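All figures in this text were calculated on a predicted structure; none of them were measured in a lab. Only heavy atoms go into these numbers, but all of them, side chains included; no hydrogens, no water, no symmetry mates. Every chain is numbered from 1, with letters handed out A, B, ... down the list of sequences.
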Amino acid sequence: MPELPEVETVRRMLAPLVAEQRLLAVVHDDPLRYRNLDGAAGLRIKRLRRRGKYLIFDLERDLELVIHLGMSGSLRLDEGSHTRARIELEGLTVFFNDPRRFGKLLLVPAGDYAALPTLARMGPEPLSRNFTARALAGRLAGTRRPLKAALLSQEPVAGLGNIYADESLWGARLHPARRADTLAFFEVRALHRAIRSVLRRAVVLGGSTLGDGAYTRPDGEPGYFQIEHSVYGRAGEACPRCGRKIERFVLGGRSTHVCPRCQSR
DNA sequence: GCGTCGTCCTGCGCGC
DNA sequence: TGCGCGCAGGACGACG
């Protein structure tokens, strides 16, 4: 599933290819799902950037083409069997492949995210200087939700999905069901450190490619961070830190993985 | 206002 | 072998 490291990998590959290119058309056959895209035709792409799990093409005339890959979406340089849209540029075509149709593709005025409330409320970028332990503490203190649910909301910090939330919480020795506003500052600091270290390492390895809904890079190559997953998808296996069996349970409707010894409540 | 839950969608794995 | 069920996931609207 595309989370921050996967989306960042896509951005790094595509950004140099699309910068300064003119966008000729966004072609698709699902007008109910992908709306209002005609206005992008003919505009030059200033740059491709990432915000959390969103890819944003900054266009001329203060417009943004915003893409969310959902859970199975990818941007490819070749057509796939589940291509839902083609972004046609002067020199190349980028294919939006999305088997499960959870992805989004829309054109908005720059910075106007009324149609994307999660993007509008999004917390700081975890790999930026704005993301400090103190900032994280402030945002966690404001909610009574379970820690993992809070992280998945994108409000304390941008870009974490199910995989990297589980991995970061394991790294910080925190239980996902802990109420977010009960953390001591040393625990927030451990979480802050774990989030940054997990995401940095995952970006280096090109993200995680799993069997189900497999994410791949634009050139079709996989990521390799799944080899280093400590808990995600490893129920029944030994915790890499203490050897206790990893357990899986459902929290907020999401499959969740913990080491019952390292992550006591 | 806040938190939780159901829904969207489709491929795949498993059980019968 | 083949069928059908259930699960996976991010975002968001509905509901309590």
Side-chain angles (χ1 to χ4, degrees), chain A residues 1-8 10 28-35 50-56 66-76 80-85 96-106 108 112-123 126 138-169 176-182 195 199 202 207-216 222-223 225-226 229 231-236 246 248-257:
Chain A
M1 311 92 220
E3 304 179 29
L4 185 148
E6 291 77 22
V7 179
E8 177 61 18
V10 171
H28 62 89
D29 57 2
D30 195 342
L32 289 177
R33 198 175 299 273
Y34 312 123
R35 284 175 287 183
R50 179 190 57 71
R51 180 77 176 99
K53 304 175 201 171
Y54 291 81
L55 282 166
I56 302 176
V66 181
I67 299 181
H68 192 289
L69 299 174
M71 72 164 285
S72 63
S74 57
L75 291 179
R76 298 284 301 258
S81 51
H82 299 290
T83 294
R84 308 296 181 198
F96 179 53
N97 206 49
D98 187 17
R100 296 186 193 174
R101 298 179 192 266
F102 270 41
K104 289 193 180 75
L105 194 61
L106 69 164
V108 299
D112 179 355
Y113 303 133
L116 299 158
T118 301
L119 183 54
R121 287 198 294 264
M122 188 164 281
R139 288 177 177 254
L140 291 176
T143 179
R144 299 162 61 88
R145 309 178 78 178
L147 205 36
K148 179 167 172 179
L151 293 176
L152 294 182
S153 77
Q154 309 298 301
E155 291 175 37
V157 57
L160 293 179
N162 211 34
I163 296 174
Y164 299 105
D166 279 7
E167 293 294 317
S168 299
L169 289 167
R178 265 287 287 283
R179 232 176 68 179
D181 61 354
T182 65
I195 289 170
L199 292 179
S208 303
T209 296
L210 298 170
D212 187 30
Y215 146 87
T216 60
F225 187 69
Q226 68 281 2
H229 287 178
V231 286
Y232 185 84
R234 298 208 183 278
I246 304 296
R248 176 191 174 279
F249 64 99
V250 175
L251 176 64
R254 294 290 166 256
S255 94
T256 298
H257 309 77

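- For the residue pair A:T118 and A:Y113, no side-chain donor N or O sits within less than 3.5 Å of a side-chain acceptor on the partner.
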Show each protein N/O and nucleotides 10-12 of chain C N/O combination with a separation under 3.5 Å, one pair to a line.
| unit_1 | atom_1 | unit_2 | atom_2 | d |
| --- | --- | --- | --- | --- |
| C:dG10 | OP1 | A:N162 | N | 2.9 |
| C:dG10 | O3' | A:H68 | NE2 | 3.2 |
| C:dG10 | N7 | A:R254 | NH2 | 2.3 |
| C:dG10 | O6 | A:R254 | NH2 | 3.2 |
| C:dA11 | OP1 | A:H68 | NE2 | 2.4 |
| C:dA11 | OP2 | A:K53 | NZ | 3.3 |
| C:dA11 | O3' | A:K104 | NZ | 3.1 |
| C:dA11 | N6 | A:R254 | NH2 | 3.3 |
| C:dC12 | OP2 | A:T118 | N | 3.0 |
| C:dC12 | OP2 | A:T118 | OG1 | 2.3 |

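- For the salt bridge (Lys or Arg N to Asp or Glu O under 4.0 Å) test, residues two or more places apart in sequence or in another chain that qualify with A:E155 are A:R121.
- Salt bridge status for A:E3 with A:K53: absent, with no side-chain N to carboxylate O gap under 4.0 Å.
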**Study point:** Intra- and interstrand pairs of DNA chain C - dot-bracket, Watson-Crick/G-U under 3.5 Å, | marks other strand
**Key:** .|||||||||||||||

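- Between the side chain of A:R100 and the backbone N or O of A:G73, no donor-acceptor pair lies under 3.5 Å.
- Looking at residues two or more places apart in sequence or on another chain, you find a salt bridge (Lys or Arg N to Asp or Glu O under 4.0 Å) between A:K148 and A:D166.
- Here A:R178 pairs with A:E187 under the salt bridge (Lys or Arg N to Asp or Glu O under 4.0 Å) rule; sequence neighbours left out.
- In summary, the side chains of A:Y54 and A:Q154 do not present any donor paired with an acceptor at a separation below 3.5 Å, with no hydrogens or angles considered.
- For the pair A:S72 and B:dC9, the criterion of a side-chain N or O lying under 4.0 Å from OP1 or OP2 is not met.
- The interatomic distance linking A:L251 (CG) with C:dC7 (C1') rounds to 17 Å, in whole Å.
- Following rounding to the nearest Å, A:R248 (CZ) and C:dG9 (C1') show an atom-to-atom distance of 12 Å.
- Every residue was checked against the ring-ring contact (aromatic ring centres under 6.0 Å, His included) condition with A:F102, not counting sequence neighbours, and none meets it.
- Contacts of A:R33 with the nucleic acid, taken as non-hydrogen atoms under 4.0 Å apart, involve only primed sugar atoms and P, OP1 or OP2.
- Looking at heavy-atom distances under 4.0 Å, A:R101 makes contact with sugar-phosphate atoms alone, never a base.
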